[in-house]
Amino acid sequence: MTTTAQAHAIQGERVTLPVRIRDAAVGSAMFAVPAGAAQDVIAYSGLAVAEPLPGKAVCSLAFVRYADGDLGPYHEFAVAFLVRPPGAAPSPGVLGRMRGIGAFIHWLPVNQEFTLEAGRTIWGFPKEIADIPMDLAGRVKRCAVRFGGRTAIEVAIRPGVPMPSGSAAPSVDAYSCLDGVTRRTPWTLTPSGVRTRPGGAKVVLGDHPVADELRGLGLDRARALTTSTVGHLQMIFQGAEEVRT
């Protein structure tokens, strides 16, 4: 593994690791999808999808409003898959198959240039610029991703019941693959104001290539396993390490 530098020059500004997000709000949904189809989508990374149940992988759709952080305010949308650690063989049982899993970030549009450059330069996150209108004020949380006025995806989340503080996992390994290089980034999360429920998501897909991939996974007709909203989220991103797959 190769550790990256601890400070980076981004558009004339110095960004020092770890990068801290002091306040963000999130809406997300997780779906069970065919493992074979999901593996085909992320094959370029060299990673293997986790299978909580044989033949099933997990795809996550999430939208985030970053209000206060080292990279400034911005909106972001993420398509991610749960993956096994590089080189790890699946273990027996549901808990064994989920041990040590990480999140592979497959698609990560943002609406600001500074975070675009920082994300690609520091962590190899596959960020691209898009219009990402978001409504987190209403009872139903909504987000869309658009390119030149054409909608790629729309997601609506109906919040569930309040969850106790500390109920969410505090840390996870985030994986990315950009320009043929796969990286791992330690990522710590401190959420509050969490609500969750089974189901509760509506997904509308457009004509973007990623929308076609998600349609191939059945997300235009699938029921979410769970949906979650987070009123306030703090995050810490460490430096990325290159990994062998």
Please answer: with hydrophobic residues joined when any side-chain heavy atoms are less than 4.5 Å apart, are Ile42 and Trp187 in the same cluster? no
Distance only, no hydrogens: is a donor on one side chain within 3.5 Å (strictly under) of an acceptor on the other, for Tyr44 and His106? yes
Val64 and Ala24: which non-hydrogen atoms are nearest, and at how many Å? CG1-CB, 3.9 Å
Which value, rounded to the nearest 0.5 Å, describes the distance between Ser45 atom OG and Phe104 atom CZ? 4.0 Å
With a 3.5 Å cut-off and sequence neighbours excluded, list the donor-acceptor pairs that the side chains of residues 10-21 form with protein atoms.
from: Gln11; atom 1: NE2; to: Glu113; atom 2: O; distance (Å): 3.4
from: Gln11; atom 1: NE2; to: Glu117; atom 2: OE1; distance (Å): 3.4

Drop me the distance from Arg221's CZ to Leu205's CG, to the nearest 0.5 angstrom. 10.0 Å
Gap separating the CG atom of Leu61 from the CZ atom of Phe31, nearest 0.5 angstrom: 5.0 Å
Same cluster (ILVMFWY, side-chain, under 4.5 Å), Ile105 and Trp123: yes
Would you say Gln39's side chain and Leu47's backbone share a donor-acceptor pair under 3.5 angstrom? yes
In short, Pro73 meets Gln112 closest at the heavy-atom pair O-CG, 3.6 Å
Verify same cluster id: Leu116, Phe114 (apolar side-chain graph, 4.5 Å): yes
Only pairs at least two apart or in different chains count here, so list each ring pair (Phe, Tyr, Trp, His ring centres under 6.0 Å) that has a residue in residues 127-155. Phe147-His208
Atom pair OG (Ser171) and CG (Leu189), whose distance is rounded to the nearest 0.5 Å: 8.0 Å
Donor-acceptor check, side chain of Arg158 to backbone of Gly200, threshold 3.5 angstrom: yes or no? no
Nearest heavy-atom contact between Gly46 and Thr245 is O-CB, 3.4 Å
List, one per line, each side-chain donor-acceptor pair under 3.5 Å for residues 223-237, sequence neighbours excluded.
from: Thr227; atom 1: OG1; to: Gly199; atom 2: O; distance (Å): 2.8
from: Ser228; atom 1: OG; to: Thr196; atom 2: OG1; distance (Å): 3.2
from: His232; atom 1: ND1; to: Asp23; atom 2: OD1; distance (Å): 3.0

I want to check something: taking the side chain as every heavy atom from C-beta on, are Val26 and Phe63 in contact at a cut-off of under 4.5 Å? no
Smallest heavy-atom separation, Val172 atom then Gly102 atom, equals CG2-CA, 4.1 Å
Tightest non-hydrogen contact, residues Ala118 and Leu71, listed as CB-CD2, 3.8 Å
Should Val203 and Glu154 count as side-chain neighbours, where that means a heavy-atom distance under 4.5 Å? no
Is Val41 reachable from Leu82 through a run of I, L, V, M, F, W or Y residues, each pair having side-chain heavy atoms under 4.5 Å apart? no
Can you find a heavy atom in the side chain of Cys59 that is under 4.5 Å from one in the side chain of Val79? yes
Within the structure provided, determine whether Val58 and Val49 are in side-chain contact (heavy-atom separation under 4.5 Å). no
OG1/Thr182 to CD/Glu241 distance, rounded to the nearest 0.5 angstrom? 13.5 Å
Do Ser176 and Arg183 pair up side chain to side chain, a donor and an acceptor below 3.5 Å, judged on atom types alone? no
May I ask whether Ile157 and Val194 are part of the same hydrophobic cluster, defined by side-chain heavy atoms of I, L, V, M, F, W, Y residues being less than 4.5 angstrom apart, directly or through others? no
Applying side-chain contact (heavy atoms from CB on, under 4.5 Å) to Ala37 and not counting sequence neighbours gives Pro34, Leu217
CD of Glu213 to CG of Leu219, rounded to nearest 0.5 Å, is 11.0 Å
Distance-only, no hydrogens or angles: does the Asp68 side chain make a donor-acceptor pair with backbone N or O of Arg22 under 3.5 Å? no
Whether the side chain of Arg184 engages the backbone of Asp173 through a donor-acceptor N/O pair (distance < 3.5 Å, no angle test) should be reported. no
Provide the closest heavy-atom pair for Gln238 versus Thr185 in the form atom of the first, atom of the second, distance. O-CG2, 3.3 Å
Taking the side chain from Glu76 and the backbone from Leu108, do they hold a donor-acceptor pair closer than 3.5 Å? no
Any heavy-atom pair between the side chains of Val204 and Ile153 that's under 4.5 Å? no
Below 3.5 Å, can you tabulate the donor-acceptor pairs from side chains in residues 128-145 to any protein atom, sequence neighbours excluded?
from: Glu128; atom 1: OE2; to: Trp107; atom 2: NE1; distance (Å): 2.6
from: Asp135; atom 1: OD1; to: Ala137; atom 2: N; distance (Å): 3.0
from: Lys141; atom 1: NZ; to: Leu136; atom 2: O; distance (Å): 3.0
from: Lys141; atom 1: NZ; to: Gly138; atom 2: O; distance (Å): 2.8

Test salt bridge (charged side-chain N to carboxylate O under 4.0 Å, His left out) applied to Arg215 - qualifying residues, sequence neighbours left out: Asp212
